Amino acid sequence: MELFGVAVSLLGTFAGFGLLVGLLFGFFGMGGSFLVTPALLVMGYETDVAVASGLAFVFGTSVIATLKHRDLGQVDYKLGVSMIVGTTAGIEVGKIGLHWLQRVGLANVVVNVSYVALLGGIGVFITHRALGDGSGGFGPDEDAEVSDDRELPPIAQKIQSYRIPPMLELRGGVVVSLWMVLFVAFATGLLSGFLGVGGGFIRMPALFYLVGVPVPVAVGTDLFEIVFSGGIGSFLYALDGAVDLTIVVPLLSGSALGARLGAAATSVVEEDDIQVYFGVMLLLGAVAVAIRQIGGVIDVPVLDTVALVVIVGAALLVSGAIVVSSVRELRADERTDAGRAAD
Amino acid sequence: MLGVESAVATRAGVVIGAVLVEALSLYVGYGALERVAGPWLTRKLEGR
């Protein structure tokens with residue numbers, strides 16, 4: 001049975017896959033290009049169609065997830081716009097560096113090794129800090145009830161100590177110099193442009209470890225930025241006619257629900273847990289990317305499928321953990337409320 | 001030549017516009033569903 005020339009079973013598969021990706025995207029503010037583009041490539045779509053449709057899907061999902069985070073008061077527009085300015089400049093400079101490496105014939109090696117190292121490095125750093133004793137981590141103090149009492153990471157404290165006007169007052173009681181925000185945005189954009197990736201996995205940790213905003217605000221603001229980068233990117237690909245709406249429409253129908261659930265979960269799940277899941281996702285992402293790159297170097301196409309299985313397995317594992325964690329927190333809150341009512 | 005470029009840009013704009021309209025429609029649609037079924041689902045998840 002077909003609908004709009006596409007098998008209903010394929011539409012159902014896309015919607016289910018979209019639900020999974022949307023959940024992770026709404027929760028972390030990253031992961032779309034990790035999952036969708038490799039999956040479409042393995043399914044046999046042309047590279048330009050896979051990349052363009054993946055980007056258009058990320059654009060649509062980021063719109064939905066940003067709106068949901070806005071409803072929860074987790075989008076800082078001042079920070080978002082400043083980040084867009086700095087990131088755009090950084091991407092342009094990063095692209096210059098990439099073109100230079102292409103001229104000297106080192107682009108593939110340097111970019112692939114840097115990508116895996118950065119992905120794995122950030123994953124190890126975040127997981128280690130979140131699983132540590134908690135004293136130096138970014139997780140909330142058990143006794144702290146308001147966000148102003150959060151323990152800031154040392155780098156964020158240092159960055160916030162530079163009082164170079166104009167100062168920006170951000171959500172979560174954070175006051176930071178505009179120049180520091182632009183510097184952080186430029187640095188993340190530089191890496192993003194150099195590696196040729198969306199950069200959510202760099203920007204989200206940068207926002208909470210360097211600028212010092214709470215994790216849910218970092219996710220919401222990162223998604224706000226992706227609305228613009230994803231929109232412009234997919235428009236440029238659509239000029240070449242590469243965006244396939246029979247892929248994007250069913251994916252988006254599933255991810256719209258997943259993104260709402262993922263965004264809502266950020267206000268329920270503990271920040272420490274969010275960081276652990278984010279770190280595990282990055283580590284397994286690094287493994288998958290490394291397998292794919294090795295497959296390309298030694299010319300073994302089946303490793304592309306192995307990489308996809310690793311990343312989809314990781315996505316299933318992490319999204320399952322998010323759902324279980326959310327239900328556990330909701331039940332714990334309910335028990336606390338019931339206990340207070342009994343007192 | 002400018003006409004061809006303009007037609008291509010318009011077509012690209014329509015494609016991205018369609019994605020945006022779908023995203024907004026789904027946001028509103030699922031939002032309405034959340035308002036209707038959300039409290040019930042939350043109670044169930046809380047174990048009540």
Side-chain angles (χ1 to χ4, degrees), chain A residues 18 22 52-53 55-68 70-71 227 230-245 247-261 263-264 268 323-324 326-338, chain B:
Chain A
S53 304
L55 206 52
F57 161 74
V58 164
F59 164 62
T61 309
S62 65
V63 169
I64 296 161
T66 304
L67 287 170
K68 181 63 187 170
R70 184 206 59 162
D71 293 348
V227 169
I232 293 166
S234 47
F235 177 77
L236 293 174
Y237 273 105
L239 288 174
D240 297 330
V243 175
D244 187 341
L245 287 179
I247 299 171
V248 181
V249 169
L251 272 174
L252 203 52
S253 68
S255 77
L257 181 60
R260 289 190 80 95
L261 295 172
V268 178
V323 171
V324 169
S326 302
V327 173
R328 204 178 52 209
E329 292 295 334
L330 279 171
R331 293 196 172 181
D333 289 349
E334 170 61 16
R335 277 197 297 274
T336 310
D337 291 347
Chain B
M1 203 166 91
L2 207 63
V4 174
E5 284 171 2
S6 171
V8 169
T10 305
R11 196 184 61 195
V14 168
V15 169
I16 300 309
V19 174
L20 184 62
V21 168
E22 191 201 355
L24 294 174
S25 307
L26 288 168
Y27 173 74
V28 173
Y30 281 130
L33 185 68
E34 190 178 308
R35 272 193 296 280
V36 174
W40 171 83
L41 182 65
T42 307
R43 278 197 303 276
K44 285 284 170 199
L45 292 175
E46 285 173 349
R48 281 191 277 164

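Just so it is clear, the structure is predicted and the values come from calculations on it, not from any experiment.
- Using modelled atom types, one side-chain atom of B:Tyr30 and one backbone atom of A:Ser253 make a donor-acceptor pair closer than 3.5 Å.
- Of the inter-residue distances, the one linking B:Glu22 atom CD with A:Ile64 atom CD1 reads 7.5 Å to the nearest 0.5 angstrom.
- Taking A:Leu239, A:Val63, A:Val327, A:Leu236 one by one and counting their heavy-atom pairs under 4.5 Å with chain B, the maximum is reached by A:Leu239.
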side-chain contact (heavy atoms from CB on, under 4.5 Å) between A:Asp71 and B:Tyr27, worked out: CA-CA 12 Å; A:Asp71 293 348; B:Tyr27 173 74; 2.3 Å; yes
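- With chain B as the partner, the residue from A:Val248, A:Leu330, A:Leu67 showing the most heavy-atom pairs under 4.5 Å is A:Leu67.
- For A:Phe235, the parts sitting under 4.5 Å from any heavy atom of chain B are the backbone and the side chain alike.
- Interface summary for chain A: among B:Val19, B:Thr10, B:Leu33, B:Leu24, the most heavy-atom pairs under 4.5 angstrom belong to B:Val19.
- Closest approach of B:Ala23 and A:Gly60 over heavy atoms only: CB-O, 3.6 Å.
- In terms of heavy-atom pairs under 4.5 Å with chain B, the best-connected choice from A:Val227, A:Leu257, A:Leu245 is A:Leu257.
- Considering only heavy-atom pairs separated by less than 4.5 Å from chain B, the leading option among A:Leu252, A:Asp240, A:Thr61 is A:Leu252.
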